[in-house]
Amino acid sequence: TVTFSGLDGDTHELYRLIARMVNSSGNTTGYVWRPNGETTNLSSKFSYINATDQTPSTLQLSGDTQDITNGYYWYFTMDIIAKKNPNAIAMPLFYSAIAGNGAANAVIQGKWNETTTNLTSIEIVAADANGIGDGSTLALYKYAQS
């Protein structure tokens, strides 16, 4: 697990997460992300290019039936709309991502159906120990507000 903490989803409306993760677990592994460490009220749509869609009840970063092979990299760029109450309108947290490793490429979208809790942290979680192995890079950016 990699955790980004100290976030302020009430003040900062947009974040961008960019990652290149290498699976060093010895197994195939999957990846999810968790706002504030939550595992409930989550839904996503994972669409592989030229393959079937998946609609899991987690915030996927890799397909739940096509995990990443040991020794392979998984790349993604994800935009997160984090502000829960823009203009006093209650909104869930949304995200969209483009992910792939050359062999498998996907478009991912999802939401955390929570409109009252401020985003304070983001966890990136691999299903297996060392799924985010040496050589992995993860960076979180906050967009400037106007």
Without placing hydrogens or testing angles, list every side-chain donor-acceptor pair under 3.5 Å for residues 130-141, not counting sequence neighbours.
unit_1, atom_1, unit_2, atom_2, d
N130, ND2, S24, O, 3.2
S136, OG, V22, N, 2.9
S136, OG, G133, N, 3.4
S136, OG, G133, O, 2.7

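- Taking the side chain as every heavy atom from C-beta outward, I124 and M21 approach each other to under 4.5 Å.
- With sequence neighbours left out, the side chain to side chain contact (heavy atoms under 4.5 Å, CB included) criterion links Q109 to S96.
- No side-chain heavy atom of T120 sits less than 4.5 Å from a side-chain heavy atom of D8.
- Contact annotation: the side chain of W33 never approaches that of L17 to less than 4.5 Å [non-hydrogen atoms, C-beta and beyond].
- Atoms OG1 and CH2, on T29 and W74 in that order, are 12.5 Å from each other to the nearest 0.5 Å.
- Taking T28 as the reference, D67, T69 meet the side chain to side chain contact (heavy atoms under 4.5 Å, CB included) condition, with sequence neighbours excluded.
- Judged purely by atom type and a 3.5 angstrom limit, D128 has no side-chain atom pairing as donor or acceptor with the backbone of S25.
- Using a 30° and 60° split on the angle between ring planes, H12 and Y15 fall in the perpendicular class, above 60°.
- By the side chain to side chain contact (heavy atoms under 4.5 Å, CB included) test, N113 pairs with N41, P92, K111, sequence neighbours left out.
- The line from CD1 of I122 to CG of L93 is 7.5 Å long, rounded to the nearest 0.5 Å.
- Atom CD1 of I98 has 12 or fewer heavy atoms from other residues, nucleotides or ligands within 6.0 Å.
- Listed by chain and residue number, E114 satisfy the side-chain hydrogen bond (donor to acceptor under 3.5 Å, both in side chains) test with T117 (two or more places apart in sequence, or in another chain).
- One finds the CH2 atom of W112 at 8.5 Å from the OG1 atom of T40 (value rounded to the nearest 0.5 Å).
- In this structure, CZ on R20 lies 4.5 Å from OH on Y73, to the nearest 0.5 angstrom.
- Within the 4.5 Å cutoff, the side chain of F76 has no heavy atoms near those of the I108 side chain.
- Note that CG of N23 and CG of N70 are 5.0 Å apart. Values are rounded to the nearest 0.5 Å.
- Under the side-chain hydrogen bond (donor to acceptor under 3.5 Å, both in side chains) criterion, R16 pairs with D79, Y143, sequence neighbours left out.
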